[in-house]
Amino acid sequence: MKQTRKKHSAAFKAKVAVAAIRGDRTVAELAVQFGVHPNQIHNWKKQLLDGAVNVFEGGVPAEGATNEARVDLLYRQIGKLKVENDLYEGLGVKRDVVLARAAMTAA
């Protein structure tokens with residue numbers, strides 16, 4: 001059985017990283033408490049410390065970077081859909097018709 005990776009929220013990562021920065025508990029103790037690997041805690045702590053400079057520089061906030069990534073993903077999806085639509089148009093059929101027929105045969 002293939003295991004999938006856990007996807008932790010940004011809030012969770014920040015909480016763990018701040019706890020690691022506080023230093024009142026060892027990374028091993030935090031790993032047990034939060035159920036993550038100690039190396040992951042070290043990575044999140046480093047990311048938090050590296051990103052802390054942006055708070056005082058007035059640079060692009062982390063949310064801006066996240067939005068840029070979303071926009072990039074959406075542009076890639078639009079490009080893929082455009083290629084699919086062009087292919088269907090070249091064949092002389094509508095994409096929606098092909099998808100509807102595929103849904104009917106799958107059901």
Side-chain angles (χ1 to χ4, degrees):
M1 185 169 127
K2 185 177 177 182
Q3 256 186 339
T4 57
R5 292 182 176 199
K6 291 182 183 177
K7 294 183 180 177
H8 301 288
S9 69
F12 176 79
K13 293 175 186 180
K15 179 179 177 180
V16 174
V18 168
I21 289 170
R22 265 193 228 119
D24 55 353
R25 284 174 280 165
T26 66
V27 171
E29 291 171 337
L30 294 172
V32 170
Q33 177 185 349
F34 292 108
V36 296
H37 195 277
N39 288 346
Q40 193 64 64
I41 294 175
H42 286 293
N43 290 341
W44 291 341
K45 178 181 172 182
K46 182 180 181 321
Q47 287 176 346
L48 179 62
L49 292 173
D50 290 347
V53 174
N54 290 336
V55 173
F56 299 105
E57 285 183 341
V60 176
E63 185 179 330
T66 302
N67 287 340
E68 285 181 30
R70 286 183 185 154
V71 168
D72 182 54
L73 173 64
L74 291 173
Y75 275 125
R76 282 187 274 135
Q77 289 175 341
I78 289 169
K80 180 181 173 188
L81 290 172
K82 182 168 178 4
V83 169
E84 287 179 10
N85 283 337
D86 290 347
L87 173 67
Y88 290 125
E89 285 178 18
L91 297 173
V93 294
K94 295 271 187 198
R95 179 178 182 269
D96 294 344
V97 173
V98 173
L99 293 177
R101 285 183 186 161
M104 285 183 201
T105 58

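All values below were derived from every heavy atom in this structure, side-chain atoms included, with hydrogens, water molecules and symmetry-related copies excluded.
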Legend entry - Residue pairs, two or more places apart or on separate chains, that pass salt bridge (charged side-chain N to carboxylate O under 4.0 Å, His left out) and touch residues 12-22: none

Legend entry - salt bridge (charged side-chain N to carboxylate O under 4.0 Å, His left out) contacts touching residues 34-50 (sequence neighbours left out): K46-D50

Inset, instruction - Using the test side chain to side chain donor-acceptor pair (under 3.5 Å), find all partners of K7 that sit at least two apart in sequence or belong to another chain. - result: none

Inset, instruction - Please check if the side chain of E29 supplies one atom and the backbone of T26 the other of a donor-acceptor pair under 3.5 Å. - result: yes

Inset, instruction - Verify the cluster assignment for L30 and V18: are they in a single hydrophobic cluster under the rule of side-chain heavy atoms below 4.5 Å apart? - result: no

Legend entry - Distance in Å, I41 CD1 paired with I21 CD1, rounded so as to fall on 0.5 Å steps: 12.0 Å

Legend entry - Members sharing V83's hydrophobic cluster (side chains within less than 4.5 Å): none

Legend entry - Listed once per pair and sorted, the salt bridge (charged side-chain N to carboxylate O under 4.0 Å, His left out) pairs that draw on residues 31-41, sequence neighbours left out: none

Inset, instruction - Apply ring-ring contact (aromatic ring centres under 6.0 Å, His included) to H8 and list each qualifying residue two or more places apart in sequence or on a separate chain. - result: F12, W44

Inset, instruction - Quick one: list whatever passes salt bridge (Lys or Arg N to Asp or Glu O under 4.0 Å) with D72, sequence neighbours left out. - result: R76

Legend entry - Listed once per pair and sorted, the salt bridge (charged side-chain N to carboxylate O under 4.0 Å, His left out) pairs that draw on residues 34-43, sequence neighbours left out: none

Legend entry - Those residues that, when tested against N43, pass side chain to side chain donor-acceptor pair (under 3.5 Å) (two or more places apart): none

Inset, instruction - Starting from V71, walk the hydrophobic network (Ile, Leu, Val, Met, Phe, Trp, Tyr; side-chain heavy atoms closer than 4.5 Å) and list everyone else you reach, by chain and number. - result: Y75

Legend entry - Nearest heavy atoms of A17 and L48, plus distance in Å: CB-CD2, 3.7 Å

